2 protein chains.
Amino acid sequence: MRIGEVASRAGVSTRALRYYEEQGLLTSERTGGGQRVYPDSAVERVRLIQQLFAAGLPSRTVLRLMPCIETGQGSPEAFALMAAERERITALMTDLTAARDALDRMIDIANHPTPEHCPALREPAWSPYDGAAEAAGVDPQPVEAGPRAPELALAGAGRRTR
Amino acid sequence: MRIGEVASRAGVSTRALRYYEEQGLLTSERTGGGQRVYPDSAVERVRLIQQLFAAGLPSRTVLRLMPCIETGQGSPEAFALMAAERERITALMTDLTAARDALDRMIDIANHPTPEHCPALREPAWSPYDGAAEAAGVDPQPVEAGPRAPELALAGAGRRTR
DNA sequence: TTTGACGTTGACGCCGACGTCAGGTCCTAC
DNA sequence: GTAGGACCTGACGTCGGCGTCAACGTCAAA
């Protein structure tokens, strides 16, 4: 398979694939003329990379997980890495839930206009006293797994502060 | 309240507050000497902004929501905006869940080393056949709301492709 | 009145996952 | 053999939310 086909099957650009190779995340054979040739498994590999990127893992981290992905053998550091990232993702989901709740409150207020709007906006979740001790479970909402627009499907998450 | 106090109470830098003002997200009075003075409500405002940022809303979008936040009156466009962002967040959470599941599979495999590792890694979720029709509900995991490191609390999510 | 913590504007830097040219090469169908 | 689509390398651009330095002004306590 050449680069174009891998790209269209995995839903990424050819530029992205060259970038992955540059970062050591993806390898390829070459034809006599120097063109990249990939095995079928490359498509799955790219999809995994995309998923990890979408969860905010930087390429360096994904790179450090690659030996584990390839061999199925987990070094203890790779293991710790995975656990840490897992926790980061969970924390991020908590943040997202909070943000979505904030939006919900805004939508709610915007929906039925009442003079006493502001208090309701302030009320829960982002408390004025610093403690962030809400035992907020990720609500078991059915997540409406409808047909999402494909170009929105690969939204990412990243940016650590400080 | 001056800028330093708002910053420490809201858990952001003073640079961030000046940036918010520059973007029109936050306003302030000035003392005779030109120093910024904020009302108490600014702290809550900043926290809301941070939450929306953490959910991947760009400052321009937050800006377009500001009149709605201030007046409690929802223009139809602001309403549509909020609904769209809400949906984007939900989709993002689905992606995060998928990524976390992928990590879980990797962890699982790394944990108990067996020669036939690769098939298990490939099996579910990121299917080789293009259809992404898993009716994947966000699992009702208790989310372990333990004491997260505060400097990790404001991880963000962004980056739309294409 | 002094001092030193806190504030101001302005400007440049950063990072990461690519987009996007430019100028050339390869491959294959006709 | 040739057209034209796919591919190559290299290089610079982008975007957003700040960090960070410089050079300077304010303000309250001692």
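Labels below follow one simple rule: chain letters A, B, ... track the order of the sequence lines, proteins then strands, and each chain is numbered from 1. Below, each value reflects all heavy atoms present in this structure, side chains not excepted, and no hydrogens, waters or symmetry copies. This is a predicted model, so every value here is computed, not measured.
- For A/Gln35, no side-chain nitrogen or oxygen approaches OP1 or OP2 of D/dG5 to under 4.0 Å.
- Straight-line distance from the CZ atom of A/Arg18 to the C1' atom of C/dC21: 13 Å, rounded to whole Å.
- Closest to the side chain of B/Arg2, out of D/dC7, C/dT8, C/dC6, is C/dC6.
- Distance, A/Glu22 CD to C/dC18 P: 12 Å, rounded to whole Å.
- Across D/dC27, C/dA17, D/dC18, the shortest atom-to-atom separation from the side chain of A/Phe53 is found for C/dA17.
- Using a 4.5 Å heavy-atom threshold, the side chains of A/Arg9 and A/Tyr38 count as separate.
- Between the OH atom of A/Tyr20 and the C1' atom of C/dA17 there is a distance of 8 Å, rounded to whole Å.
- Contact annotation: A/Thr31 does not reach the phosphate of C/dC26 (side-chain N/O to OP1 or OP2, under 4.0 Å).
- Taking atom CZ of residue A/Arg60 and atom P of nucleotide C/dC14, one finds them 15 Å apart after rounding to whole Å.
- Between B/Ser59 and B/Tyr19, some side-chain heavy-atom pair lies under the 4.5 Å cut-off.
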Note to self: Walk me through whether A/Gln35 and A/Arg2 qualify under side-chain hydrogen bond (donor to acceptor under 3.5 Å, both in side chains).
What the structure shows: CA-CA 8 Å; A/Gln35 301 202 349; A/Arg2 292 191 303 174; 2.9 Å; yes
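- A straight line from CD of A/Glu29 to P of D/dC8 spans 14 Å, rounded to a whole angstrom.
- Look at CD on B/Glu21: it is 16 Å from C1' on D/dG17, rounded to the nearest Å.
- Rounded to an integer number of Å, the gap from A/Glu5 CD to C/dC27 P is 16 Å.
- Taking the side chain as every heavy atom from C-beta outward, A/Leu63 and A/Tyr20 never approach each other to under 4.5 Å.
- Between the P atom of D/dC18 and the CG atom of B/Leu57 lies a distance of 13 Å, rounded to the nearest Å.
- Between B/Tyr19 and D/dG16 there is no side-chain polar atom (N or O) within less than 4.0 angstrom of OP1 or OP2.
- For a distance-only test at 3.5 Å, the side chain of B/Arg15 qualifies as a donor-acceptor partner of the base of D/dG19.
- In terms of phosphate contacts, B/Ser59 brings a side-chain nitrogen or oxygen within less than 4.0 Å of OP1 or OP2 of D/dG17.
- Between C/dG19 and A/Ser13, a contact under 4.0 Å exists linking OP1 or OP2 to a side-chain N or O.
- The residue among A/Arg36 and B/Gly32 whose nearest nucleotide of DNA chain D lies closer to the 5′ end is A/Arg36.
- Mapping A/Leu17 and A/Gly33 onto DNA chain C via the closest heavy atom, the residue that lands nearer the 5' end is A/Leu17.
- Here the side chains of A/Leu103 and B/Leu52 are in contact, with some heavy-atom distance below 4.5 Å.
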